[in-house]
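Computed over heavy atoms, backbone and side chain alike; hydrogens, waters and symmetry mates excluded. The first residue of the sequence shown is numbered 1, and numbering continues consecutively from there.
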Amino acid sequence: MNGAPSVHLTLSPSPGLAACIVGAHGAAAACLWLLLPGIPGGALAALVLALGIAVALDRALLAARASVRGLDLSAGDAATLRLRDGRRVPADVGAGRLVSRLCVALPVRAPGRRSLLITPGMLEPESFRLLCLWALWGRIPGAAAVASRQLPS
C-alpha cells in the first residue's frame, strides 16, 4: 500500500435483494416447468429455484461462509474483501463498473468472485455515497490527488 488512508465499509444483509433474486429464479423455474411438463420439467424447475435460494443466501443475505461482509477501499483499483469466515482477500476491481442510485456493481478479480453487487440497503447512506465516489473516480476522501506533471507556466 502507498500509505494512503483506506475506507472500511461493513455490509449488512439485504432482504429486498434476496427477494428479487429468488423471484427471478422462481419466474425462470415456472417458465421451465411450463416448457417441459412432467417430472423432468419439475425437477429442472426445482433445481433452478434451489440455485436462486443458494445465490440469495450467499450474495444478498450474506449467510454463506465465503460471503463478503466488508470492503476495505484504498486509492486506485485495490480493495480488500472481508469474508464472513474472517479471511481477508485482496482484490483488483476492473473496468466496467456500474454505479447508479440503485446499486453499485464491481467486477472483482479475486479467487471465487467475478462480481460484487451492493445495494443502498447494504450500507449506511454516507458509506454508499463513498462507495459510489470510489467506484466512479478511484479516490477516497483524505487521499491527496496530485497531478503527475505540472503544466508549464
Side-chain angles (χ1 to χ4, degrees), residues 1-32 45 47-153:
M1 194 175 265
N2 58 3
S6 63
V7 173
H8 307 285
L9 304 176
T10 301
L11 301 176
S12 59
S14 175
L17 179 59
C20 289
I21 291 171
V22 172
H25 281 81
C31 290
L32 284 170
L47 288 173
V48 168
L49 187 59
L51 176 65
I53 293 169
V55 169
L57 285 171
D58 179 34
R59 301 298 174 118
L61 296 177
L62 309 177
R65 284 188 45 212
S67 293
V68 177
R69 293 303 302 248
L71 293 165
D72 297 332
L73 306 176
S74 56
D77 293 336
T80 302
L81 307 177
R82 287 182 281 132
L83 304 183
R84 184 172 182 254
D85 61 6
R87 289 182 294 148
R88 292 179 178 269
V89 179
D92 288 326
V93 178
R97 303 170 190 184
L98 171 76
V99 178
S100 75
R101 64 182 182 90
L102 300 175
C103 69
V104 175
L106 302 172
V108 177
R109 283 182 241 132
R113 291 273 167 203
R114 289 193 308 252
S115 64
L116 187 60
L117 182 71
I118 302 169
T119 61
M122 297 174 91
L123 291 169
E124 297 294 324
E126 181 64 21
S127 296
F128 189 74
R129 186 185 73 80
L130 289 175
L131 177 65
C132 289
L133 291 173
W134 179 83
L136 286 171
W137 303 106
R139 295 188 190 130
I140 55 175
V146 178
S148 60
R149 194 175 71 148
Q150 291 285 336
L151 295 175
S153 50

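- When side chains are defined from C-beta on, L71 does not count as touching T80, because their heavy atoms never get closer than 4.5 Å.
- Taken from CZ in R139 to OG in S74, the straight-line distance is 14.0 Å, to the nearest 0.5 Å.
- The distance from the CG atom of L73 to the CG atom of L130 is 8.5 Å, given to the nearest 0.5 Å.
- Between the S12 side chain and the M122 main chain, a donor and an acceptor come within less than 3.5 Å of each other.
- Summarising the geometry of T10 relative to L123, their closest heavy-atom pair is O-CD2, 3.4 Å, with the distance given to 0.1 Å.
- Between P120 and C103, the shortest heavy-atom contact is CD-N, 4.4 Å.
- When all heavy atoms of V48 and A29 are compared, the pair lying nearest together is CG1-N, 4.1 Å.
- Between V93 and W134, the shortest heavy-atom contact is CG2-CH2, 3.5 Å.
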Please tabulate, for side-chain N and O atoms in residues 49-57, each donor-acceptor pair with protein atoms closer than 3.5 Å (sequence neighbours left out).
none

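- Taking R88 as the reference, D72 meet the salt bridge (charged side-chain N to carboxylate O under 4.0 Å, His left out) condition, with sequence neighbours excluded.
- Contact detail for P107 and A95: the closest heavy-atom pair is CG-O, 3.1 Å.
- Between L102 and T119, the closest side-chain pair of non-hydrogen atoms is not below 4.5 Å.
- Applying the salt bridge (charged side-chain N to carboxylate O under 4.0 Å, His left out) test to R114 and every residue at least two apart in sequence or in another chain returns nothing.
- Residues in residues 58-70 take part in these side chain to side chain donor-acceptor pair (under 3.5 Å) pairs, two or more places apart or across chains: D58-S67.
- For R101, the salt bridge (charged side-chain N to carboxylate O under 4.0 Å, His left out) test picks out no residue, with sequence neighbours left out.
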Show your working on salt bridge (charged side-chain N to carboxylate O under 4.0 Å, His left out) between D77 and R97 and close with a plain yes or no. CA-CA 11 Å; D77 293 336; R97 303 170 190 184; 2.4 Å; yes
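- Nearest heavy atom pair, residue V104 against residue A135, reads CG1-CB, 4.0 Å.
- Of the inter-residue distances, the one linking R87 atom CZ with R82 atom CZ reads 14.5 Å to the nearest 0.5 angstrom.
- Between L106 and S115, the closest side-chain pair of non-hydrogen atoms is not below 4.5 Å.
- The shortest side-chain heavy-atom distance between L17 and L117 falls under the 4.5 Å cut-off.
- For the salt bridge (charged side-chain N to carboxylate O under 4.0 Å, His left out) test, no residue two or more places apart in sequence or in another chain qualifies with D92.
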